[in-house]
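What follows is a set of notes on a single structure, which appears directly below.
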Amino acid sequence: MRLTFEKQFLTAGHALALVGVGALATTHEVGAPYVMLAFGGLSWSLWRDWRRSKWEISAAAANAAILAALVMSLAPVALRGASPVRAIAEFLLVLAALKAVAHKENRDWLQIYVLSFFQLLAAAALTVEPVFALLFLAYLLLAPCVLVLFLLRREVGASAGARRLEEEAFVEPSLFRSIAATTVVLFVSTLVIFIVFPRVGAGYFAAPFSGGQPLTGFSEEVGLGAVAALKQDSAVAMRVTVDRPELLGVDRYWRGAALDSFDGRNWRRRPQEARPLMRPEFGVFTSTAVGARATTVSEDVILEPQDSSMLFVDGFPLEIRGRFSEVAIDAIGNLRVIRPTGVRTRYQVVASLAPRRSAPTPETLALPRIDPRIVALAQSLVQGVDGDRARADALLRFFERGFSYTLEPGDPGKEDPLARFLFKTRRGHCEYFASAYAVMLRTAGIPSLVVSGYAGGEWNPYGNYFLVRQSDAHSWVEAYVDGAWRTYDPTPAAGPMEQTWRRRMGEVIDALQMRWYRYVINFTLEDQAEAALSVRDAAQRFWQSLTRDWWSAASTDAGDTREAPTRRFPWRGCLVAVMAAVCAWLWRTRRGAADAAQRDASEITRRYLRLLQALAARGLEKRPAETPLEFCRRIAPRLDGQAEVVERVTALYHEARFSGRELAPRALDYEVDAAIAAIAAAPTDPPAPRAD
Amino acid sequence: MAPAGRLRSAVRRRAREAESWTEWIYPYRSLRLTREGWFFLGVTIAIGLAALNTGHNLFYLVFAMLVSLIVVSGLLSERAVRSLKIARRLPGEIFARAAAPVELRITNASRRRTSYAVEVHDGVVGEPRQRVGFLDRLDPGAERSFLSLSTFPRRGRHRFRSIHLVTRFPFGLFEKTRMVPRAETCVVFPALDSAQGRAASRGSAQSGFRKHRAGEEIVGLRRKLDDDDPRRIHWRSSARSGEWMVTEHAESLERPLALFFDSRGPAGDAFEAAVERCASLLWYVNRNGGSAKLFSWEACFREDGPQSLRAALGFLAEVEPRAADGTATSRALDEWRREAERCGGGLFITARDAADGLAGSEVPAAMVVRVA
């Protein structure tokens, strides 16, 4: 059943309005009542318009409601300093609902479309989530359709053919196909303009755009259990792309904060001077350390919004790039960064995976008052073991048997938590393991730090990056052994995760999200330059492969004994196919023109023959050897007022027969026929004496 | 004319006809922003500036979408008008100060594309274009005709302007105009004065009736033929039947008449009135079944038939006053006098005060018609 034009128009218009409302709803920044009001109003309006019901609110009531909504939206901004963008977004929703239920003329529909657009724009300002992409695509699909239908309704409706809009499906399916093709073109051109339009950087009113609710991050003081709380949250913490992921190996530790002071229950970072990194240019921070190429990796990190300003790096940072005001590093390798919190952050790090060789500070050996059993245990484990490395290994082996992992070790109460863990429960989470190990290392005279950050992460094969979740939060130990700080992890490893279809689906979706964040939300000037260079390189490679292909094919034909390259992309075949398609198209259009020319030639030839017959009847016969123009000139003196007509028909005949061009329509108009008829009807003249 | 001279005259002609400087530069297409288009452009620019200011990539995305809509709008509007072919059909005779039906026939030459919402504008050089029709939908291969009435204030050669196809399709942001260069020239015959013509022609005419295609008394309706006067169209029966129907008149037989038009004298109202009197006589006598032939200092139209009549009227359409040099060739007068004797009647139509300067010839006063 084909819908009438009016129903097509109503459906498309309401769909567009609903997309705008949906875009705002998915930001989670506007109140649910506003969203419900807008959805309800639009849905009811669609039902009412389809049924052609006359129920609607009066213009006066609508205007009063709009005014009231405006006051209610702006009041929180004025009185409580609420976000003006949110207030505007909520007002737009109320406005959409009121416009929907009021009487609608063409002007009102235009206002609804404008409202929908501004809702989309407000959503773009309030969110960066990938779901916006879906709604944006929906808008891109609907907007051309709606605008076309609106134009036809306005212009055809104003003409005499308005009745047709009511009675039949005025718009042919071919138009919708054209609009669909238009949407594809729109999408491609949108992408191209998005990529090409220069990113000149933030201006006077730049503001960081949040990526959602900030995650609870790590702090500079970690109590036993703080990291465990994070481990129950599966939210994504960051996504890391590494140029050489194989160097990271299975054990990946994204270092956040190193803590050197323990009071028996809490680890904290003792305040110390941090050395600012050099800043050769804006957004680039380098350290004086140099790393060997073999152990250096580049990490591109997209960090989800967190409530701390910590950065996470696997290895020791040699260079950091990001929108930071200042980056400093202290003696135990902690990075201090001045950056806005609560926003999604992207930064690149060139890091060295080689152990850090900075000298230990006295705090890394300091111990509080601890249970003497811990001291005795540690000393007994390292007794007779020479060398720091061997002693560290010996202490590490202690945790391999008899201990188990749990996120709920129970409340130690007034008991020493570490003693309780080591001697009573032998169950705990990573903080217990790391704390106990670090304390035992210090007891054995080995400087140690407890480091909090993220460990592991999942490899996403669809996006080629590591996905690190909050549940990957971890604590481990760095010990100064053999002149370098080395990583030790006493916590028992978790088993491998099962690959289910749900998990794979999740990886695919996350890969798409990653691409959204990376290539849309965080698309920068550098990315544009890179894209331009890629296009240039691809064009050069294509050209070279073409010429190389031709050369190799030619040399093979000439009997060259060198082996022709195999498995080459058939560029030559593609080029030939494209050229053939172009030639076919040209032939088709020229043939169409030739057909038209031939049709014209047939018409005018018939007319010319009739003219010759009419003239012959008057005794004016064309000689076989005479050309049409010569004949015309010869008989002109005997035609009086008809000479012009004969001349014109002859000229047209000449042009149609011999020029091959399509004649202008007036060339075949009725006057020619009338003139020929007049000649035929004229009295017969006596035959003229032959000149030869 | 030398090529440079032809080029100069073409440029001057285009400058005269162009309605705007854009049309003068490129006379085939023009583009104008509608009111909604201005708003759209303003919003696009504002969002572009916001994107540049904030660096927010989603603003860039929205901006890119808006720019794409503008680009696609231009492409689609071109497709809407490009495949339309237009032919202008003019009536066989066009008289000054009389509405002449001009038919515009539009064909969609595309095999697949339907054209929507296209306005057709036409006009004559020196007059503003008028909207003559609106194509709400023209399917592939379909044809539509529009009839417009054009009134020419003066006789002579007139050129039609290029036909404008105007569309705001697809999005209503731009108004695209395709200028189709159909600059046809038509010859507008002098205005007819039916009362003067009938009064002048009625003399010792015999009465009688013969059913013919012109006359005074309506004897019936029939289908229109190609060379029928469009002013005979009977609109009501045409609307009812869906075909052009004309009235059929009885005819009163009239004696042949030889007319001589004296083109000497100054230009002015009197000259024009003389031209119109002559044309009226020619037209009405011939249309009423009689035979009127035209003679003048410059040309003679001795043949009978519609073609000769048109040629004579065409001459009158373009005749210019010539200097009264005191001497005039008597040959033209002699031919006229011979014809007048043969026909049994002749008239010498002049705008001058006295038919003097006719050395060696006499024009009987009874045959002179002076038009003041």
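In what follows, chains carry the letters A, B, and so on, assigned in the order in which the sequence lines appear, proteins first and then strands, with residues in each chain numbered from 1.
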Q: Could you tell me whether B:Glu143 atom CD has more than 12 heavy atoms of other residues or ligands within 6.0 Å of it?
A: yes

Q | Engaged part of B:Thr114 at the chain A interface, taking heavy atoms whose separation is under 4.5 Å | A | side chain

Q | Minimum heavy-atom distance A:Val520-B:Leu58, with the two atoms named | A | CG1-CD2, 4.1 Å

Q | Region of B:Leu135 that comes under 4.5 Å of a non-hydrogen atom in chain A | A | neither

Q: List in chain and number order the residues that pass side chain to side chain contact (heavy atoms under 4.5 Å, CB included) with A:Gln528, two or more places apart in sequence or in another chain; answer none if no residue qualifies.
A: A:Arg199, A:Phe523, A:Leu525

Q.
Does atom OH (A:Tyr519) have a neighbourhood of more than 12 heavy atoms from anything else shown, all under 6.0 Å?
A. no

Q: Enter the distance from B:Tyr116:OH to A:Leu152:CG here, rounded to the nearest 0.5 Å.
A: 7.0 Å

**Q.** Closest non-hydrogen atom pair between B:His56 and A:Ala124, with its separation
**A.** NE2-O, 2.6 Å

(Q) With a 4.5 angstrom heavy-atom cut-off, is it the side chain or the backbone of B:Phe301 that approaches chain A, or both, or neither? (A) neither

Q.
If I measure from the heavy atoms of chain B, does A:Ile521 come under 4.5 Å with its side chain, its backbone, both, or neither?
A. both

Q: Report the distance from atom CD of B:Glu36 to atom CZ of A:Arg154, rounding to the nearest 0.5 Å.
A: 4.5 Å

Q) Is it the backbone or the side chain of B:Phe40 that comes under 4.5 Å from a heavy atom of chain A, or both, or neither? A) neither

Q. If you measure from OG1 on A:Thr182 to CG on B:Leu75, what distance do you get to the nearest 0.5 Å?
A. 9.0 Å

Q: Mind listing the closest non-hydrogen atom pair of A:Pro198 and B:Tyr60 along with its distance?
A: O-OH, 3.5 Å

Q. Do you know which of B:Val43, B:Leu61, B:Val62 has the most heavy-atom pairs under 4.5 Å to chain A?
A. B:Leu61

Q. Which of the residues A:Asn522, A:Leu147, A:Ile179, A:Thr524 is involved in the greatest number of heavy-atom pairs with chain B at under 4.5 angstrom?
A. A:Leu147

Q: Measure distances from B:Phe134 to the heavy atoms of chain A and classify the residue's part below 4.5 Å as side chain, backbone, both or neither.
A: side chain

Q: Output the option from A:Phe150, A:Phe118, A:Phe187, A:Phe136 having the highest count of non-hydrogen pairs under 4.5 Å with chain B.
A: A:Phe136

**Q.** Portion of B:Leu76 that has a non-hydrogen atom of chain A nearer than 4.5 angstrom
**A.** side chain

Q: Mind listing the closest non-hydrogen atom pair of B:Met65 and A:Leu140 along with its distance?
A: CG-CD1, 3.3 Å

Q. Just wondering, more than 12 heavy atoms not from B:Glu78 lying within 6.0 Å of its CD?
A. yes

Q. What is the minimum heavy-atom distance between B:Ala64 and A:Phe194, and which atoms define it?
A. CB-N, 3.8 Å

Q.
Sort by residue number and list every residue of residues 107-117 of chain A having at least one heavy atom under 4.5 Å from chain B.
A. A:Leu110, A:Val114, A:Phe117

Q.
Which atoms of B:Arg79 are under 4.5 Å from chain A, going by heavy atoms: the side chain, the backbone, both sets, or neither?
A. side chain

Q | Region of A:Leu151 in contact with chain B, defined by heavy-atom distances below 4.5 Å | A | side chain

